[in-house]
2 protein chains.
Amino acid sequence: MLNYSTSEENYIKAIYHLQQQDGNVTTNELAAELKAKPASITDMMKKLKAKKLLHYEPYQGFSLSNEGKKVALGIIRRHRLWEFFLAEKLKFTWDEVHEVAEHLEHVSSKKLIDKLDEFLGFPRVDPHGDPIPDQDGKIETSRQVCLLDLPFNKTAVVSHVSDQSTEILELLKHKHIGIGTKLEVKKKFSFDNSMEVKAGRQPVFTISEQLAKNIFVKYGA
Amino acid sequence: MLNYSTSEENYIKAIYHLQQQDGNVTTNELAAELKAKPASITDMMKKLKAKKLLHYEPYQGFSLSNEGKKVALGIIRRHRLWEFFLAEKLKFTWDEVHEVAEHLEHVSSKKLIDKLDEFLGFPRVDPHGDPIPDQDGKIETSRQVCLLDLPFNKTAVVSHVSDQSTEILELLKHKHIGIGTKLEVKKKFSFDNSMEVKAGRQPVFTISEQLAKNIFVKYGA
DNA sequence: ATAATAATTTAGATTTGTCTAAAAATATTT
DNA sequence: AAATATTTTTAGACAAATCTAAATTATTAT
């Protein structure tokens, strides 16, 4: 596996995440994701195509090649292992780990990462509940759905919160819900679309429609 | 404290190490250390001078300002804490830690480093025996050790000779070693604990275990 | 189907960090 | 102290990664 620049790695990672949702990725989408101008995207797409990391024809969008996906999974592996390390060993809170891991992920020593993995006890998910790819780039595939759509009695992990207002965070904190919290839907009430939910061994509690709408979970595997 | 590029940090660190030995650092010295061309050094020196990290007048060499030293000590702190982590927690051998730490040291989150320090139990020396600067950049300045215990490639200054016999003095005189002589250990042989040592630009020469045992040196960061 | 709009690419500029080759300053030797 | 050698700096070029503005292609609406 060759080495890629920090910049190239950031593009590859962003494409990977976008194509998980959309399939084919467009120039503007990627520009928005990376906070760069569309012209910069085109430049980099040419370079990554030349390196055979993606399929790209002018004006047709792009998607990672198999090689590109392998590279992406390597970066994601590093990112998530560092996130786990930061939360588990250095006692960072779940909302602080991402930014630091963004930098650590670009240190690309395979030996470092494999030993870190071992030191951490081969964790399978990061503090946000996202699965960590193994040495061979294999990753547990799980689907992200809105909490409103989660089937009954399926254990799922909170993976994303759309609204980032202090109000929602206050409420989530009060209910002890964060990224990574395991949830199970026990009842739904059609009158107000509220639901009763269980988290670990806590007693069942209620979540309003407005709140559930903003919580996304991952389940299945 | 502002942020500096990886490249700037590497220059600052290299100057710090060179000026520990020589005081004023020259363009060619630094070029050799960094495996870069002298022209590149001059370019960077102008930039670092503009940022007030060093004192520099054309043709006169350069040395770090107080601010520059503070930056250097921050980088060295990060490097040595990562080295300790790699050796202690990830079970890297002492000769493997340096290269990986060269990359990790450039991740410049203060919170990360202070929490890492705490996680490691506030170690005072790295796996090579070099002191680790604290949060405020304070570093154990010079430590006196027996020449037998001096790490490789560390410039040290002879500070004391235990035996005062005419025999040892004759030998020291012959080898041009006295109090104040700068030495660097290049090789050690476990067979007879003899070592090869360099003093300034003289060719490498050999010192026996019996002699090394009686020589004490001081060395810094 | 054609015009208007939006998305994408191209062309050319900028910054950072590097280089080579030539010029200038300093140091050394005779 | 002049000539020679060494060191350092300058001048100009190049690659990577970005940008702006203009041109091109694709999409949408009439």
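By convention in this document, chain letters (A, B, ...) are assigned in the order of the sequence lines, proteins followed by strands, and residues within each chain are numbered from 1. Everything quoted here is computed from the prediction, not taken from an experiment.
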*asked:* Quick check on C/dT16: is either OP1 or OP2 less than 4.0 Å from any side-chain nitrogen or oxygen of B/S5?
replied: no
_Whole-Å distance separating the CD atom of B/Q60 from the P atom of D/dT7_ = 16 Å
*asked:* The criterion is side chain to side chain donor-acceptor pair (under 3.5 Å); which residues satisfy it with B/T27, sequence neighbours excluded?
replied: none
*Residue that, paired with B/K13, satisfies side-chain hydrogen bond (donor to acceptor under 3.5 Å, both in side chains) out of B/E8, B/E105, B/H79*: B/E105
_Plane angle bin for B/F119 and B/F85 - parallel if under 30°, tilted between 30 and 60°, otherwise perpendicular_ = tilted
*If you look at every strand shown and take non-hydrogen atoms under 4.0 Å, does A/Y11 touch a base, only sugar-phosphate, or nothing?*
sugar-phosphate
*Starting from P on D/dT7, measure out to CG on B/L30 and report it in whole angstrom.*
15 Å
_Run the side chain to side chain contact (heavy atoms under 4.5 Å, CB included) test against B/N214 and tell me which residues pass, sequence neighbours left out._
B/S162, B/D163, B/I168
When you compare the protein's N or O atoms with those of nucleotides 10-13 of chain D, which come within less than 3.5 Å of each other, and at what distance?
{"from": "D/dT10", "atom 1": "OP2", "to": "B/K46", "atom 2": "NZ", "distance (Å)": "2.9"}

*Spacing of A/K51 atom NZ relative to D/dA15 atom C1', expressed in whole Å*: 12 Å
*Nearest of C/dT9, C/dA7, D/dT8 to any side-chain atom of A/Y59?*
C/dT9
_Distance, rounded to the nearest Å, where B/M44 contributes CE and C/dT15 contributes C1'_ = 13 Å
*For B/K37 and D/dC14, what is the distance between atoms NZ and P respectively, to the nearest whole Å?*
18 Å
*Nearest-angstrom distance from the residue atom NZ of B/K35 to P of C/dC19*: 13 Å
*Who are the salt bridge (Lys or Arg N to Asp or Glu O under 4.0 Å) partners of A/K110, not counting sequence neighbours?*
A/D114
*Atom-pair distance (CD1 on B/I41; P on C/dT20), nearest Å*: 13 Å
*Can you list the residues that meet the ring pair (Phe, Tyr, Trp, His ring centres under 6.0 Å) rule with A/F84, with sequence neighbours excluded?*
none
_Euclidean distance, atom CZ of residue B/F62 to atom P of D/dT8 [Å, nearest integer]_ = 8 Å
*Touch check for A/S7, heavy atoms < 4.0 angstrom, all strands: base, sugar-phosphate only, or nothing?*
sugar-phosphate
*Could you tell me which residues satisfy ring pair (Phe, Tyr, Trp, His ring centres under 6.0 Å) with A/F216, sequence neighbours excluded, listed by chain and number?*
A/H160
With 3.5 Å as the limit, what N/O pairs link the protein to nucleotides 3-5 of chain C?
none

_Quick check on C/dA6: is either OP1 or OP2 less than 4.0 Å from any side-chain nitrogen or oxygen of A/N28?_
no
*Residue list, side chain to side chain contact (heavy atoms under 4.5 Å, CB included) with A/Y59, at least two apart or on another chain*: none
*asked:* Which residues pass the side chain to side chain contact (heavy atoms under 4.5 Å, CB included) test with B/D43, not counting sequence neighbours?
replied: none
*Touch class at under 4.0 angstrom, heavy-atom based, for B/S40 against every strand present*: base
